[in-house]
Amino acid sequence: MHDNNVYNHRNIWTATMFLCILGLMIIFSASGSATYFKRQLIFVLLGFATCFCMQFIKYRLLYKYAIGFFVVSISCVFLLLTPAGVTVNGATRWLRIAGVQFQVAEAVKIGVIIILSYMIQKYSNSLNRVKMLIYMWLIGGTAAVLLMGISNDLSSSIVVLGITFCMTFVFTKMILIHIGAVLLIGSAAGIYVHNIWKNLPTPKELEQMSFRIGRIAAWLNPSKYESDQAFQTLQALYAIGRGGLFGKGLGNSLQKFMIPEPHTDMIFSILCEELGLTGALLLFSLLTYLIFCLVKTAMMAKDLFGAAIVTGVAAHISVQSIINLAVNLNVFPNTGI
């Protein structure tokens, strides 16, 4: 078992390293700037250094301070209302403390994973009770509502809800309730989208509506709003279509000059244009392999807390990746992840 753990541990490091290298390459190409590349490289190196140090720390310490971690992460959301909150592109989602700026949603995601893992371990004998499921959903739901209400960050709220759903689905074994929740939420979303579809506003009318309605309308009928709400999505789709099987070659994207912020939300489309379907399949394979290794790690964990932590991380990566790729392909409305 020890040998399997070591082997799986190395595979996680390897998959993560290759994903980071691929990401750095495409960021440099998409942005055409060494500034973004250097900044991302610094974060990658800091991330690897942190991971290297944390492997020598007993993860049970997270259990001991789980409530504190969660309280701190939620407190960061409220700090957005103070002068420490930083507004970028009209949204206050970042904090600057002691010269360090970070996005609050990332701290909340970690806090939710830790507190839910704590509950799964502490109340392991009650995981088959509906009451316990409701408590865990309330915790994840409260974090999501605060993110949405204070930082106006719908995309991160969806990720937090996705993490919560995945963790409770795996550990509570109340499959029918989870299926019922999906059907209920799906039905409500379907009715909402159908109402917009029946009365699609004109581009001029859309200017007076909330940007979320605009994004859903642009998703439903991109060609109608090609000069405004759907511009970014259509340019991304053109980039994906231009890539073909092997792409135009690294650095040869033309759409990156058309897509707003090509090195962030729509970076997958640039990867497709430059590396083609081959590059997209490489990315899918690396992400899938990383998730597979994380699931294996969760199955080999010594206790429920360790298994839940790894499951939460796997859910986080999966949900966020799926949403981003789906947005680039116009399968989902543009969420901004």
Side-chain angles (χ1 to χ4, degrees), residues 1-28 36-66 68-70 72-73 76 95 97-98 100-118 120-121 156 159-160 162-163 166-167 267 282-322 324 337:
M1 182 67 75
H2 176 72
D3 290 341
N4 287 336
N5 272 324
V6 172
Y7 179 72
N8 200 52
H9 178 74
R10 288 173 180 169
N11 289 342
I12 290 173
W13 274 89
T14 302
T16 305
M17 180 181 69
F18 278 111
L19 278 166
C20 287
I21 291 172
L22 181 61
L24 286 167
M25 288 167 51
I26 303 301
I27 282 175
F28 181 71
Y36 290 112
F37 173 81
K38 289 177 181 176
R39 187 170 68 179
Q40 187 69 13
L41 178 61
I42 290 171
F43 285 126
V44 167
L45 294 176
L46 285 173
F48 273 111
T50 303
C51 290
F52 180 79
C53 293
M54 286 191 68
Q55 67 181 335
F56 299 107
I57 299 174
K58 294 185 182 297
Y59 67 83
R60 294 288 301 183
L61 283 174
L62 294 176
Y63 179 82
K64 185 177 180 181
Y65 300 107
F69 277 118
F70 181 67
V72 169
S73 69
C76 287
L95 277 182
I97 299 175
V100 178
Q101 183 170 312
F102 64 95
Q103 192 166 357
V104 166
E106 302 310 314
V108 172
K109 292 168 191 173
I110 295 171
V112 167
I113 291 172
I114 293 174
I115 193 65
L116 291 180
S117 300
Y118 168 83
I120 288 166
Q121 174 69 61
S156 292
V159 174
V160 169
I163 292 170
C166 290
M167 292 182 71
I267 193 167
L282 173 62
L283 176 63
F284 291 147
S285 299
L286 286 170
L287 283 170
T288 302
Y289 185 65
L290 176 59
I291 300 303
F292 171 75
C293 290
L294 289 171
V295 171
K296 279 184 65 178
T297 299
M299 293 174 68
M300 293 187 290
K302 297 177 181 178
D303 55 27
L304 271 177
F305 182 69
I309 286 282
V310 182
T311 300
V313 172
H316 177 194
I317 296 172
S318 300
V319 172
Q320 193 146 324
S321 299
I322 289 169
N324 180 260
I337 288 186

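Heavy-atom contacts from other residues, nucleotides or ligands closer than 6.0 Å to CE of Met299 number 12 or fewer. Counting non-hydrogen atoms of other residues, nucleotides and ligands closer than 6.0 Å to CZ of Phe43 gives a total of 12 or fewer. Within 6.0 Å of OH on Tyr36 lie no more than 12 heavy atoms contributed by other residues, nucleotides or ligands. Heavy-atom neighbours of Arg39 CZ from other residues, nucleotides or ligands within 6.0 Å: at or below the threshold of 12. Counting non-hydrogen atoms of other residues, nucleotides and ligands closer than 6.0 Å to CZ of Phe102 gives a total above 12.
Side-chain N or O atoms of Gln121 include one that pairs as donor or acceptor with a backbone N or O of Leu304 at under 3.5 Å.
When all heavy atoms of Phe305 and Ile114 are compared, the pair lying nearest together is CE1-O, 4.0 Å. Residues Cys20 and Phe48 approach most closely at SG-CE1, 4.0 Å, considering heavy atoms. The two residues Ala301 and Ala307 have their closest heavy-atom pair at CB-N, 3.4 Å.
In this structure the side chain of Tyr118 reaches within 4.5 angstrom of the side chain of Ile115, judged on heavy atoms. Between His316 and Met167 there is no side-chain heavy-atom pair separated by less than 4.5 Å. Put simply, the side chain of Leu24 does not reach to within 4.5 Å of the side chain of Phe28, judged on heavy atoms.
Note that CG of Leu62 is 5.5 Å distant from CE of Met54, once rounded to the nearest 0.5 Å. Separating the OG1 atom in Thr16 from the CD1 atom in Ile12 is a distance of 7.0 Å, to the nearest 0.5 Å.
Taking the six-membered ring for Trp and the full ring otherwise, the centers of Phe52 and Phe56 sit less than 6.0 Å from each other.
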